[in-house]
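Notes follow once the structure below has been shown.
In what follows, chains carry the letters A, B, and so on, assigned in the order in which the sequence lines appear, proteins first and then strands, with residues in each chain numbered from 1. Below, each value reflects all heavy atoms present in this structure, side chains not excepted, and no hydrogens, waters or symmetry copies.
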Number of protein chains: 2
Amino acid sequence: MSHTLGIRQAQKQKTRQAFLDAALALLEEQSLSSLGLREVTRAVGVAPTAFYRHFRSTADLGVALVDEALGSLHPMVRTTVSTTGDSEERIWRAIELIARHVDAYPAHVRFIARERHGGVQPVREAIRAQLVRFAEEVKTELAKDPEAAGWSDDDLLMLAHLYVDQMLITASLFLEALEAPAEERERVTQLATRQLRLITIGRGHWLD
Amino acid sequence: MSHTLGIRQAQKQKTRQAFLDAALALLEEQSLSSLGLREVTRAVGVAPTAFYRHFRSTADLGVALVDEALGSLHPMVRTTVSTTGDSEERIWRAIELIARHVDAYPAHVRFIARERHGGVQPVREAIRAQLVRFAEEVKTELAKDPEAAGWSDDDLLMLAHLYVDQMLITASLFLEALEAPAEERERVTQLATRQLRLITIGRGHWLD
DNA sequence: AATTCCAGAGAACAGTTGTTAACTGATGAC
DNA sequence: GTCATCAGTTAACAACTGTTCTCTGGAATT
């Protein structure tokens with residue numbers, strides 16, 4: 001089924017990935033709106049003009065980064081809000097999953113948190129669209145739970161957005177605590193756990 | 001009590017304010033990390049070197065903007081979570097207050113949302129410090145409520161941070177809906193109201 | 001084997017950037 | 001009234017930016 005790419009296309013994708021990686025590294029200490037095209041090509045080790053073979057602009061590269069950073073996250077979302085286990089167990093599992101994701105892809109998390117409200121409109125729009133998709137997936141997952149009986153579609157989506165935003169806040173907190181001592185990371189875990197617990201309690205009494 | 005500033009100091013403060021205003025306007029469509037010193041002086045109508053009479057760098061200017069944008073917000077916070085009225089009324093009042101603030105100071109709100117996770121470390125740090133102060137104020141305000149009886153200090157602070165983050169999320173949503181039809185703004189109001197209501201419910205059953 | 005394609009290189013462009021130094025002239029202190 | 005202060009100016013600097021056009025050499029197609 002899968003067609004082996006020609007040498008040419010393979011090399012091109014390799015260079016493209018090098019652009020994405022270099023950009024992500026450079027964005028650790030600046031925003032996308034100040035990322036220069038020459039800066040990226042210099043980091044990759046190619047001529048400035050090579051950039052145009054892959055992207056129209058740095059904004060275009062940013063949109064590609066959004067896909068890389070969030071596209072692979074969709075499968076994980078289903079696991080995060082899966083319905084197995086009691087609520088306390090589910091909360092702990094969700095937080096743990098977030099913490100591990102931040103450990104594994106800190107640059108991705110930083111990029112999304114930074115550019116969600118950043119200075120480049122197309123990138124903001126791309127992130128927004130993906131987060132809306134996330135919320136919709138969370139919503140359908142929530143709907144499967146017996147606890148969701150009697151909930152309106154609007155209320156389910158409202159709760160889903162609350163979960164997604166809370167997920168991002170928590171991820172950002174873990175990111176800030178990345179190089180901090182384990183004690184600080186534990187503090188974040190405790191905070192996030194209790195916030196999620198409070199939301200879960202509110203969810204349980206929503207229909208009262 | 002107040003000393004009338006000399007002509008010199010008055011003029012200097014006037015120019016300084018012009019810098020802040022011009023920067024805030026320029027930051028509507030870019031991030032601070034890409035804001036150039038010359039760009040700002042050009043907008044103000046002054047020589048590039050005049051910049052150094054007021055700020056060491058654009059990062060320094062950013063920190064000043066944080067103070068302007070968040071410093072004046074502290075009195076408002078107390079009103080937002082004040083204990084008068086029933087909970088439904090308090091929720092409505094808080095959302096209304098946020099909506100009005102976004103209408104009055106959209107550029108300030110945009111700046112804070114953008115630079116909270118932005119590419120300039122000192123500015124991020126300044127915002128973080130102010131938000132921690134906010135959370136502490138909210139916490140002492142929450143502690144006054146009879147509903148807070150039996151709550152630990154940690155739990156109160158946890159809830160306070162939840163409120164502060166939720167406040168920022170809501171403000172950001174109103175900002176995106178600024179130029180949208182009234183229908184969209186109403187949708188945001190409904191969403192924010194119900195999210196805050198769910199948190200309030202969770203708060204009410206926290207000690208169960 | 002001959003030909004087309006195309007990722008990347010090279011050079012040059014006008015325009016921008018932050019920062020330095022030495023200046024001007026009104027204001028403030030005495 | 002004299003002199004020091006200091007907000008803002010002017011000129012110049014090397015370094016950098018995005019974008020254009022032309023070229024090259026190996027892969028793909030025929």
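- Using a 4.0 Å cut-off between charged side-chain N and carboxylate O, A/Arg187 and A/Glu184 make a salt bridge.
- Closest to the side chain of A/Leu37, from the set C/dG25, D/dG18, C/dG18, is D/dG18.
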Could you go step by step and tell me if B/Glu39 and B/Gln30 meet the side chain to side chain donor-acceptor pair (under 3.5 Å) rule? CA-CA 12 Å; B/Glu39 203 180 348; B/Gln30 65 181 313; 2.8 Å; yes
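- Atom C1' of nucleotide D/dG8 and atom CD of B/Gln11 are separated by 10 Å, given to the nearest angstrom.
- Comparing B/Gln9 and B/Gly36 along DNA chain C, the residue whose closest nucleotide (by nearest heavy atom) sits nearer the 5' end is B/Gly36.
- Residue contacts for B/Thr15: at a heavy-atom cut-off of 4.0 Å it reaches the sugar-phosphate backbone alone, with no base atom in range.
- Projected onto DNA chain C by closest heavy-atom contact, B/Leu35 and A/Ala50 fall at different nucleotides, the more 5' of which corresponds to A/Ala50.
- One can place CZ of A/Phe51 at 13 Å from P of D/dT20, the figure rounded to the nearest angstrom.
- A close approach under 4.0 Å does not occur between any side-chain nitrogen or oxygen of A/Arg42 and OP1 or OP2 of D/dA15.
- Checked for salt-bridge contact, A/Arg197 and B/Asp155 miss the test: no charged N lies under 4.0 Å from a carboxylate O.
- When distances run from any side-chain atom of A/Tyr52 to the nucleotides C/dT27, D/dA27, D/dG18, the shortest one goes to D/dG18.
- Rounded to an integer number of Å, the gap from B/Arg56 CZ to C/dT20 C1' is 17 Å.
- Using a 4.0 Å cut-off between charged nitrogen and carboxylate oxygen, A/Glu28 and A/Arg110 count as a salt-bridge pair.
- Put simply, the side chain of B/Thr49 and the base of D/dT10 share a donor and an acceptor less than 3.5 Å apart.
- A straight line from CG of A/Asp60 to P of D/dG18 spans 15 Å, rounded to a whole angstrom.
- Rounded to whole Å, atom C1' of D/dG18 lies 13 Å from atom CD of A/Glu39.
- Taking only distance into account, the side chain of B/Arg38 meets the base of C/dG18 through a donor-acceptor pair shorter than 3.5 Å.
- Atom CZ of A/Phe55 is separated from atom P of C/dG8 by 11 Å (rounded to the nearest Å).
- Nucleotide D/dA7 holds its P atom 16 Å from the NZ atom of B/Lys14, rounded to whole Å.
- Distance, B/Arg8 CZ to D/dG8 C1': 11 Å, rounded to whole Å.
- Toward the 5' end of DNA chain D, the nearer of the two residues A/Arg53 and B/His54, judged by each one's closest nucleotide, is B/His54.
- Checked by atom type, the side-chain pair B/Ser34/A/Ser33 shows a donor-acceptor distance below 3.5 Å.
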